[in-house]
Amino acid sequence: MKKVAIIGAGPTGIYTFHSLVKKNIPLAVSVYEQAREAGIGMPYSLEENSRMMLANIASIEIPPIFTPYIDWLRKQSDSHLARYGVKRDSLHVRQFLPRILLGEYFRDQFLQLVAQAKQRGFTVAVHESCRVTDLEVTQEAVRLWAQGEPVAEHFDLAVIATGHVWPDESESTRTFFPSPWSGLMEARIPSCKVGIMGTSLSGIDAAMAVVMQHGEFARTDDEQLKFTRDKGSEALAIQLMSRSGILPEADFYCPLPYQPLCVVTAQAVEKEIAAGSGGLLDRIFRLMVEEIERADPAWSEHVSLGSLDADSFAHAWFADRRKNDPFRWAHANLMEVERNKRDRRTVPWRYAILRLHEAVQEIVPHLDGEDSKRFKTGIARVFIDNYAAIPPESIRRLLALREAGVIDVLPLGSDYKMDVKESQTVITAGGESRTFDVFIDARGQKPLKTRDLPFATLRQQLEACGDEIPDVGDDYTLLSPECARGRIAFGALPYLMHDQPFVQGITVCAEIGAAIAKGMAEPPSRTRRRLRWSEL
């Protein structure tokens with residue numbers, strides 16, 4: 001019986017375990033989770049989130065393990081749902097619900113998975129509150145250390161499914177938080193000037209963590225959302241900031257699963273890749289133009305799509321938003337999205353871009369240095385803005401905070417300075433300085449390299465091969481050193497972002513888990529070539 005260690009029991013670890021069980025070849029599986037309970041994951045844990053924070057994925061998009069999320073929700077009691085402000089009669093498959101509730105679902109599914117695995121002849125050991133501190137791969141097996149002590153068992157495969165990596169809480173102070181998940185949830189934030197770097201959902205969630213200490217949201221008689229400050233919290237002023245100062249748009253209605261693309265097919269992309277890296281970005285962009293023009297001729301004419309190139313496309317994409325007040329734009333966009341969802345109407349150009357980002361991502365490892373930079377500063381920004389559309393309720397909360405005079409948005413431009421002092425943070429942009437009593441860096445996950453690995457021995461083994469970035473195959477197992485092939489699987493998303501810059505979300509976790517399980521029985525057909533994306 002082969003022995004498998006799964007390090008991390010969040011979504012990637014769960015879906016890997018699930019895929020292994022579906023293979024129905026009994027294994028000895030040891031699951032290591034540093035949190036108190038396995039099967040939840042940091043993005044959905046009670047310790048790292050408030051009930052206000054919404055998961056940016058709906059039931060219809062979550063790959064089921066045993067029970068679809070919507071069916072699991074309908075089995076919960078009215079009182080339990082009410083703890084999260086959820087009403088049974090309002091449940092539907094496209095609804096965005098609190099992250100903690102989704103964490104409860106994953107925990108339930110994980111426990112069922114453990115039970116089923118044992119029934120099928122698997123040997124399963126779940127180690128909770130147990131941090132893996134080191135890994136070493138040899139010709140014969142993988143050695144593992146937990147809580148600083150060597151584990152007696154050796155493993156045939158170790159799956160690194162550690163998820164997002166944020167700065168340690170020890171790096172936080174009472175006035176500066178290097179991420180929203182570095183002690184912010186437990187901190188008491190006074191009524192003061194608060195700066196938040198980042199205008200995406202992470203930044204908005206950070207703002208929610210602060211405002212819930214100083215007031216409450218409530219529905220008015222006409223179902224509008226209103227925020228009321230607590231007495232004594234009159235000095236609270238939050239400023240979201242980013243280079244552009246643009247707010248994300250609300251999640252839009254579209255057919256799921258995705259309808260196939262007509263022009264930018266897998267075959268078309270492979271053909272362009274085979275033609276060589278020279279001019280690859282521009283050739284792919286021309287195919288994108290053809291795809292979008294077919295999908296939405298009117299919008300294409302509105303933005304003069306035919307006259308744009310891979311560099312100017314992003315400017316055209318954001319042009320209308322840049323001309324408008326961000327909150328007025330957010331309100332208009334919210335009304336449009338709600339109307340379209342009610343009418344089940346899809347905006348063709350938005351849907352085309354949403355489907356294009358996964359197809360176009362395949363060219364990233366094959367771009368030359370100059371085109372890689374162009375892609376990152378141009379088309380990639382469009383894709384990220386499009387797929388990172390946020391729950392409409394998050395927009396409503398922003399608008400309510402704006403109406404209450406609590407929040408504002410600051411565009412920094414490309415040339416700004418952040419000076420973190422002992423008791424304050426100073427942001428200087430456009431010749432003007434602003435001082436914040438509390439500052440939260442909410443810019444999201446950055447790509448990680450070999451030097452960031454928390455496993456010292458494995459890190460040294462990779463560095464000895466000259467691998468600045470873990471080099472993995474289609475089954476996500478390491479290609480070097482030679483003894484690591486088929487023995488160490490990298491399912492940790494931050495280390496995969498170099499040639500997959502848009503890798504994110506639960507559906508990707510499920511795909512990774514399936515690929516790792518498949519790789520145990522079938523050798524990978526090709527390798528992944530890593531792009532040093534983070535150095536561009």
Task: Under 3.5 Å: donor-acceptor pair, side chain of R99, backbone of M53 - done: no
Task: Side chain proximity check, F502 to V508, heavy atoms < 4.5 angstrom - done: no
Task: Side chain to side chain, L135 and Q461, heavy atoms closer than 4.5 Å - done: no
Task: Charged N-O contact under 4.0 Å between K341 and D251 - done: yes
TODO: Give a yes or no on whether a salt bridge exists between R219 and E393, defined as a side-chain N under 4.0 angstrom from a carboxylate O.
DONE: yes
TODO: Would you confirm whether T199, through its side chain, and I246, through its main-chain N or O, come within 3.5 Å as a donor-acceptor pair?
DONE: yes
Open item on the list: Between K449 and D452, does any side-chain N to carboxylate O distance fall below 4.0 Å?
Closed with: no
- [ ] Answer yes when R107 and E128 have at least one side-chain N-carboxylate O distance shorter than 4.0 Å, and no when they do not.
- [x] yes
Open item on the list: Using side-chain heavy atoms (C-beta onward) and a distance below 4.5 Å, is N333 in contact with L247?
Closed with: no
- [ ] Taking Q95 for its side chain and I70 for its backbone only, find out whether a donor-acceptor pair lies under 3.5 Å.
- [x] no
Task: Side-chain donor or acceptor of Q460 paired with backbone N/O of L458 under 3.5 Å - done: no
Open item on the list: With a 3.5 Å distance limit and no angle check, can you tell me whether N49 reaches the backbone of S45 through a side-chain donor-acceptor pair?
Closed with: yes
- [ ] Begin from the C-alpha positions of E136 and W145 and carry the test side-chain hydrogen bond (donor to acceptor under 3.5 Å, both in side chains) through to its verdict.
- [x] CA-CA 9 Å; E136 180 185 23; W145 285 257; over 6 Å; no
Open item on the list: Between K417 and D419, does the salt bridge (charged side-chain N to carboxylate O under 4.0 Å, His left out) criterion hold? Intermediate values first, please.
Closed with: CA-CA 6 Å; K417 181 182 178 182; D419 186 11; 5.3 Å; no
Open item on the list: For the backbone of A125 and the side chain of S30, can you confirm whether one donor and one acceptor N or O come within less than 3.5 Å of each other?
Closed with: no
Open item on the list: Are the side chains of Q239 and V409 in contact, using a 4.5 Å heavy-atom criterion?
Closed with: no
